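Every heavy atom of this structure was used, including side-chain atoms; hydrogens, water molecules and symmetry mates were not. Letters go in sequence order (proteins before strands), and every chain restarts at 1. Note that this is a predicted model, so its numbers are computed, not measured.
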2 protein chains.
Amino acid sequence: MLSAACKDSIRAMIYIAKLQKEGYREKFVSIHKIAKDLGLSFYFLSKNFQKLVKAGLLESHRGPQGGVRLLKRPSEIRLIDIVEVIDGMEFFNNCILGFEECSDQNPCTIHNLWAEKREEIYSMFSSTTLEDAIKNIDKFSNVKV
Amino acid sequence: MLSAACKDSIRAMIYIAKLQKEGYREKFVSIHKIAKDLGLSFYFLSKNFQKLVKAGLLESHRGPQGGVRLLKRPSEIRLIDIVEVIDGMEFFNNCILGFEECSDQNPCTIHNLWAEKREEIYSMFSSTTLEDAIKNIDKFSNVKV
DNA sequence: AGGATTTAAGAGTATTTTATCCTAAATATA
DNA sequence: TATATTTAGGATAAAATACTCTTAAATCCT
Ligand code: FES
Ligand code: FES
């Protein structure tokens, strides 16, 4: 469902938010460090981050002490924002059976069932923020980041 | 979420079920006809069907008047059965953030949220049969197959 | 100013998925 | 039995995705 690029990006964003307690306008975190700490490819991650920077979710800074930092508070960045930038909204707009159009007016044989579930997934991603994810780290003792 | 191969296969299975009103042990339907009627690639579809035949969801027959037909009643073939054969169960077993393990004992930061939604998607696919899909064709006037 | 650090950008490579093609095998029917 | 029809399976090609590398630009620090 999520591309590898999107999975990496979400993990990284959560990690940045976790480092920046209050969440933004703090020290820049180097992409190299993030990739190393999370076991991700530096090359792949820095490439994907370029989109998040362009989209205004991250601010980047070059040179020593450079890196990236959030442009909003963790409570203001939703998972769906990241998904939209990296993967786009195709998943939430397209027919699950591959038809060109997907709407109540032009449904496929399982549209009525799928559209409902899909809406719930959308709700989940749009109601969950980086702050919510961080809270789970404390809430559950054994969460992996 | 579903691969192109899986989307094609589900549509095709629903179409076969629709042709075979009572559902199985009827005339074979040629793959060529199915592909033509649904606007799918004959080559791609026949390749994917090989898996469904091996898995026992379809029976195939070569030669004139040959083709494929269902091995069970449409009410006995669930969408999840097709998904499992074509795409596998990775979607329902793997962590949405890409971690190796996914379980309540070893959760990622959004496992608690995602596992619930994923379970509902699984329920949808495992409680919907080819017969249910066909019924929607009659139930809603404008359904595309 | 000069060197070190760090992201940006784009080109390049690898892998996976999707799609096509070709030949063989099975089989109905004329 | 000969022929046309139809799937099986292996091989190949094309496209999409994932990943890497190289060079450039910005910026800090001495
Ligand atoms: S038309 Fe198929 S899911 Fe909406
Ligand atoms: S561990 Fe990530 S979804 Fe289960």
Take atom CZ of B:F44 and atom C1' of D:dG9, then tell me their distance rounded to the nearest Å.
-> 16 Å
Taking only the side-chain nitrogens and oxygens of A:H61, find out if one of them lies under 4.0 Å from OP1 or OP2 of D:dC28.
-> yes
Of the listed nucleotides D:dT7, D:dA8, D:dA11, the one nearest the side chain of B:S30 | D:dT7
Rounded to the nearest angstrom, tell me the gap between atom NZ in A:K36 and atom P in C:dT7.
-> 13 Å
How are the rings of A:F125 and A:F92 set relative to one another: parallel (under 30°), tilted (30 to 60°) or perpendicular (over 60°)?
-> perpendicular
Any idea which of C:dT7, D:dG9, D:dT7 is nearest the A:R62 side chain?
-> C:dT7
Figure out the CG/P separation between B:L45 and C:dT18, and round it to whole Å.
-> 14 Å
Ignoring backbone atoms, test whether A:Y43 places a side-chain nitrogen or oxygen under 4.0 Å from the OP1 or OP2 oxygen of D:dC19.
-> no
To the nearest angstrom, how far is A:Q50 atom CD from D:dT23 atom P?
-> 17 Å
Interatomic distance where CZ belongs to A:F49 and P belongs to D:dC19 [whole Å] = 15 Å
Closest-nucleotide 5' rank along DNA chain D - winner of A:A5 and B:G66 = B:G66
When every non-hydrogen atom of A:N142 is compared with those of B:D104, the smallest separation belongs to ND2-O, 4.0 Å
Expressed in angstrom and rounded to an integer, what is the separation of B:I31 atom CD1 from C:dT20 atom P?
-> 15 Å
Taken to the nearest whole Å, NZ/B:K54 to C1'/D:dG10 is 11 Å
Which value, rounded to the nearest 0.5 Å, describes the distance between A:C102 atom SG and A:H111 atom NE2?
-> 4.5 Å
Length of the NE2-P vector between B:H32 and C:dC21, whole Å = 13 Å
Pairwise side-chain contact, A:R118 with A:I96, heavy-atom cut-off 4.5 Å (strictly under) = no
If you find the nucleotide of DNA chain C closest to A:S46 and the one closest to B:S41, which residue's nucleotide is nearer the 5' end?
-> A:S46
Supply the atom-to-atom distance B:E101 CD to B:N94 CG, rounded to the nearest 0.5 angstrom.
-> 11.0 Å
Selected nucleotide, minimal atom distance to A:V53 side chain, candidates C:dA8, D:dC29, D:dA8 = C:dA8
Looking only at D:dA24, D:dT7, D:dA18, the nucleotide nearest the A:A4 side chain is D:dA18
If you check every side-chain atom of A:S60, which of C:dT20, C:dA9, C:dT7 has the closest atom?
-> C:dT7
Selected nucleotide, minimal atom distance to B:P64 side chain, candidates D:dC19, D:dT5, D:dA8 | D:dT5
